Amino acid sequence: MIEREEQLIRKSYYHTFMDGIQNVHPIKVLGDMFNGQQNEIEDLSAIRYAQGEVYFENKDYETAIFKWQNVTDESFIPWAQKNIADAHGELDLLDVAEDYYKGIETNSDTLKIEVLMQLFLLYRNQEKLDSALHSIKEAVVLNPDYPGVTEKAREYYENERYIGHAVDLAIDEATRAESLQWFAVLQGYVEQGFTNKMEPSALTDALKVLYDVNLPRFEDLAVAIWESYRHGDLYFRWLEEINQLLLEKDLSNTHSWQSLSTQFRETYMSLLSGKHLIKDISSIIPNLLINWVRGSSAADALIASSAVLAWNEKFPSGMESSVVNQAETMLKQHGENDYDSDDVYNLFESIIEWAKDKGMDLGLRFEWVVQQIRESSDFNLMIVGTEAEEQSLISNILLGGEVVDASNLATVIYNDTEKEEILDIRDEGVKQITNVDDFKEHGTDEQTLIRYSMSAPILRENRIALIDTPVLTEQRKSRKGVFPYLHLADSLLFVLNADSPLTSNELEMAVKIKEHAPDLPIHFLLSRTDIDTTVESNEKLTSSIRTYFPTARVLIFPIMDVHDNQLNRIAAFVQSITGGYNKEKERKHKILHYCRELIRLLLEKRIEIENTLHDTIQWNEEVVTKVSGAINQLRDMEEESGQGTKGAYRRIKETLMNNLLNRIPDLLKSCADVIKEDTDFNKIHDKLNDEMNRRVNAYIEEKALPSYRHAIEGWINDREIAFKESQLYLNQMSESFYELYDEKITLHCDFQVLDDWRRDMNRMTRGVMFIEKKAIIMHSTVQVIMKRAGKLFEVLPKNKGLLQSKYKKFIENKDYSVIAEQMTAAFMQQFELFEKSIERDINMFFSSAVEELHATIEEKENKMKEMHTTLSEMREKPEIFRDPLTIYGLKVRQFEWMNSSDERVPELQ
């Protein structure tokens, strides 16, 4: 910036007129100059401009404005306008100031940016945030190096929470100026989480610049960005960006990438956690591993190089040979010092947890064996043989008593403890055996693994555990009784009868064991009963064995002459087997074997599950069909029962109704005997009605209802018998379901219906009056009869005999059919309602059974729907199941490389 522009900015241009002048106020100096140069117009603008500055400085803003408004020199006019705007701003005339600022036209970038900064301050004070933002952004674009511009912009962005603009500013300035200060600001934004929604490419562009400026700061920023993206949606895109950037750089320089190597390791572990499909990570892992092996720290060198080799074996197209060769070199240089058996066991546990989460349980024995490998510090010596007596004898010698049963079919692990304890380990669980008799009984099951803890001095002195297996008499037993536990053993002692010729079958069994567990040391104990055998015969047997097992130790043991010296020999032989054994290293190998075996079994289990799902769906479809048929049968039974029940009831009801229709008229006619000569004919209709209603109700109570109740009791008893037969049929149906489908379906009928019927009948057939009193003979009818008799009321006493005769005849000859129907209908109404409820009650009787069958169908259909979904996913997306196991296999392979860093390990099949 030139000196004159600096003066114009600071409003100190007037100092140019004060050179050499002291103790005189600038107003006087400028006034004298103005008066002395009025004929030189061009110089007057400069003086007026300077005068305006002095007045502004002394807060005489109106005079300053006046002076600046009269400046005519083109070079001063834009600056004068800017100063006029400043003065209006001081006078709090902000709208006027804004108009002046916006009206300035100039080619000076300095003036432009000053105007923008003044507008920014003006808008900020007016809380016009968008306008202030626009002004400061325009100033930064115009000249980011202008003093204070970027600092003010950053301050404003942060204060007003314009985080995106703040981040963009930090990236732009850090990249443009290669400023460590701005890179530090950017890292602060990253660590606060302000960048985790940004496209990673914007940040990697900044990282490219920082890599060439300062490697430690590059590493810090890269790690901070890595962490910010770790749990977000852009994580994979970031990994692609950062790994591509690092591929373009030379990570093999003198800088030690401690933090970055940690990020590589943690990212690699998370990508191989089993939560991601291989297709989603296959494009990321190779570059990640290449960068890791090139920039790994000393602590990560072994795991990085083994990861490269394991991945390259599974997906060889993603690695260059130079990277693989570098990894192999690193592996040999660093050796196996970077992990312990707990790391491998944690891998085993993670596979187990994944399997359980997928609904696959391989049984407890598998887990128990691996747990024993991890926790036991004893040397596990397995004893096998082809003859039960010789094998049992050697085992009992080592155990110090008659413990092993020659007929034992279970594998038993004996270990020395002060307190005796026997555990039966099965896939279903672990059970404690309380006495030796039970132990012998449990030992007859080939599917059982037994741990027998007991006092055994030889085991204690040699710190060994003895694994006694079923005798090897055939291949089936070899596999079931021995093979599952071979990798639990640290060494195997094969007991042979030296008195018999060594057969090819015996050696073949030993070779099969070696093929199944190639790292398991196998030694031989040759038992002899003939103490007179020649040295030549013994050497011949030993030579035959070493043809197949050149490193095997062989002990000739005369079992007929067991004494302390011989016991010492066998103890020394055991010591020779266990000596120099690296328990920790072999523990890793063994757990890795079971990890492999677990993966293999799970892959087989997956096929088994698919087949099981298919079979189960078919089985459920059969159940649904069968249950649907049962529902139809039940509905038919319900309909048949309903029709029979209603029909029988209707017949009883109709008998009652017909009896009433036939009997009521006779009862009403019989009431003629109520009429006597001394009857008061003025009230005869009331007396007749009372008597008629009484006789009808008496008949119902004394004759009709007892007969009806008796018939109904028989009806209910018949229904109870029929209902019990229905329940028996449903019980048979339930048993049939259980026998056919192992499905327990309980079909209960609701016998409460019978009690409800009895209650209802008791209520309907017992009461004070069964038919409400009805006016059968009307008073008007009496008057008509009297008139027909030709008598008036006042002469009735003289002719009561005639009236009695007439009235009786009327009562006896009257047609009561309509009255009978009305009375019968009124009485039978409740029985009609009961009849209508019978169908509902029959439905209630069967409803629980029907609902149970419908619930069974619904349950089966829901299960089938779930199983169809699962089966479809397994068939359409096999990678959902297969990929995690592939990844676990990679981890196993990586540990195997780490375990065998001094040689190329065989490829995992």
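All figures in this text were calculated on a predicted structure; none of them were measured in a lab. Quick note: numbers below take in every heavy atom, side chains included, and nothing from hydrogens, waters or symmetry partners.
Considering CG of Leu210 and CZ of Arg217, their distance stands at 7.5 Å, rounded to 0.5 Å. From Leu260, atom CG reaches atom CG of Asn291 across 8.0 Å, with rounding to the nearest 0.5 Å. Thr551 contributes atom OG1, which lies 7.0 Å from atom NE2 of His523 (distance to the nearest 0.5 angstrom). The line from CD1 of Ile163 to NZ of Lys197 is 15.0 Å long, rounded to the nearest 0.5 Å. With rounding to the nearest 0.5 Å, the separation of CD in Glu608 from CE in Met360 is 10.0 Å. To the nearest 0.5 Å, atoms CG (Leu493) and CZ (Phe524) are separated by 9.0 Å.
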Query raised in the report: Is there a side chain to side chain contact (heavy atoms under 4.5 Å, CB included) between Phe494 and Ile383 once you walk through the steps?
Result: CA-CA 6 Å; Phe494 207 120; Ile383 294 189; over 6 Å; no
Requested in this report: Decide yes or no on side chain to side chain contact (heavy atoms under 4.5 Å, CB included) for Trp257 and Phe264, but give the supporting numbers first.
Outcome: CA-CA 10 Å; Trp257 302 99; Phe264 284 130; over 6 Å; no
Report task. Determine, step by step, whether Phe183 and Asn214 satisfy the side chain to side chain contact (heavy atoms under 4.5 Å, CB included) criterion, reporting the C-alpha distance in whole Å, the side-chain angles of both residues, the deciding distance to 0.1 Å, and the verdict. Result -> CA-CA 10 Å; Phe183 276 114; Asn214 188 296; over 6 Å; no
Requested in this report: Apply the test side chain to side chain contact (heavy atoms under 4.5 Å, CB included) to residues Thr578 and Asp490: give CA-CA distance (whole Å), side-chain angles for both, the deciding distance (0.1 Å), then the verdict.
Outcome: CA-CA 8 Å; Thr578 62; Asp490 296 316; over 6 Å; no
Report task. Give the intermediate values and the outcome of salt bridge (charged side-chain N to carboxylate O under 4.0 Å, His left out) for residues Lys590 and Asp519. Result -> CA-CA 10 Å; Lys590 293 177 185 302; Asp519 296 327; over 6 Å; no
Report task. Test Lys279 against Asp883 for salt bridge (charged side-chain N to carboxylate O under 4.0 Å, His left out), laying out the working first. Result -> CA-CA 9 Å; Lys279 68 177 182 181; Asp883 283 7; over 6 Å; no
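Taking 4.5 Å as the limit, some side-chain heavy atom of Ile413 sits within range of a side-chain heavy atom of Leu488. Using a 4.5 Å heavy-atom threshold, the side chains of Tyr594 and Ile373 count as touching. Using a 4.5 Å heavy-atom threshold, the side chains of Leu309 and Met330 count as separate. Side-chain contact between Ser350 and Tyr888: present, with at least one pair of heavy atoms (C-beta onward) separated by less than 4.5 Å. Within the 4.5 Å cutoff, the side chain of Gln263 has heavy atoms near those of the Arg230 side chain. Contact check for Leu459 versus Ile464: side-chain heavy atoms found under the 4.5 Å cut-off. Contact of the Lys249 side chain with the Asp212 side chain is registered, since non-hydrogen atoms from C-beta on lie closer than 4.5 Å. No side-chain heavy atom of Tyr345 sits under 4.5 Å from any side-chain heavy atom of Glu375.
Heavy-atom minimum distance, Asn380 versus Ser376: OD1-OG, 4.4 Å. The shortest non-hydrogen separation linking Ala166 to Tyr189 is O-CE1, 3.4 Å. Looking at every heavy atom in both residues, Ile303 comes nearest to Asp300 through CG2-O, 3.2 Å. Between Ser341 and Arg587, the closest heavy-atom pair is OG-CD, 3.4 Å. A pairwise comparison of heavy atoms in Ala170 and Val185 identifies CB-CG1, 4.2 Å as the closest pair. Listed here is the closest heavy atom pair of Ile887 and Leu271: CD1-O, 4.3 Å.
The closest donor-acceptor contact from the side chain of Thr262 to the backbone of Gln258 lies under 3.5 Å. In this structure, Arg606 contributes its side chain and Met874 its backbone to a donor-acceptor pair below 3.5 Å. Looking at Lys891, its side chain never comes within 3.5 Å of a backbone N or O of Leu347 through a donor-acceptor pair. Judged by distance alone, with hydrogens and angles left aside, the side-chain atoms of Arg374 form no donor-acceptor pair with the main-chain N or O of Asp342 at under 3.5 Å.
For Glu879, the CD atom counts as densely surrounded, since its 6.0 Å shell holds more than 12 non-hydrogen atoms of other residues, nucleotides or ligands. For Asp233, the CG atom counts as loosely surrounded, since its 6.0 Å shell holds 12 or fewer non-hydrogen atoms of other residues, nucleotides or ligands. Within a 6.0 Å sphere centred on CD of Glu421, heavy atoms belonging to other residues, nucleotides or ligands number more than 12. Other residues, nucleotides and ligands contribute more than 12 heavy atoms inside 6.0 Å of the CD atom of Glu151.
Side-chain N/O atoms of Glu597 and His487 include no donor and acceptor closer than 3.5 Å. Donor-acceptor pairing under 3.5 Å is lacking for the side chains of Gln244 and Glu240. There is a side-chain donor-acceptor pair under 3.5 Å between Glu241 and Thr204.
Paired with Tyr229 under the rule side chain to side chain contact (heavy atoms under 4.5 Å, CB included), one option of Ile242, Leu239, Leu203, Val190 passes, and it is Leu203.
Residues meeting the side-chain contact (heavy atoms from CB on, under 4.5 Å) test with Glu199, sequence neighbours left out: Ser201, Leu234, Arg237. The ring-ring contact (aromatic ring centres under 6.0 Å, His included) search around Tyr268 returns Trp292, not counting sequence neighbours. The ring-ring contact (aromatic ring centres under 6.0 Å, His included) test applied to Phe315 returns Trp311, not counting sequence neighbours.
Salt bridge absent: Lys152 and Glu155 never bring a charged side-chain N and a carboxylate O closer than 4.0 Å. Here Asp343 does not pair with Lys588 in a salt bridge; the nearest charged N to carboxylate O distance is not below 4.0 Å. Salt bridge annotation for Lys356-Glu367: present, with a cationic side-chain nitrogen under 4.0 angstrom from a carboxylate oxygen. Using a cut-off of 4.0 Å between Lys/Arg side-chain N and Asp/Glu carboxylate O, Asp416 and Arg463 are scored as not salt-bridged. A salt bridge is defined here as a Lys NZ or Arg NE, NH1 or NH2 lying under 4.0 Å from an Asp or Glu carboxylate O, and Glu328 with Lys332 fails to meet this definition. In this structure, Arg596 pairs ionically with Glu896, as a charged nitrogen and a carboxylate oxygen lie closer than 4.0 Å.
Using a 30° and 60° split on the angle between ring planes, Phe348 and Phe366 fall in the parallel class, below 30°.
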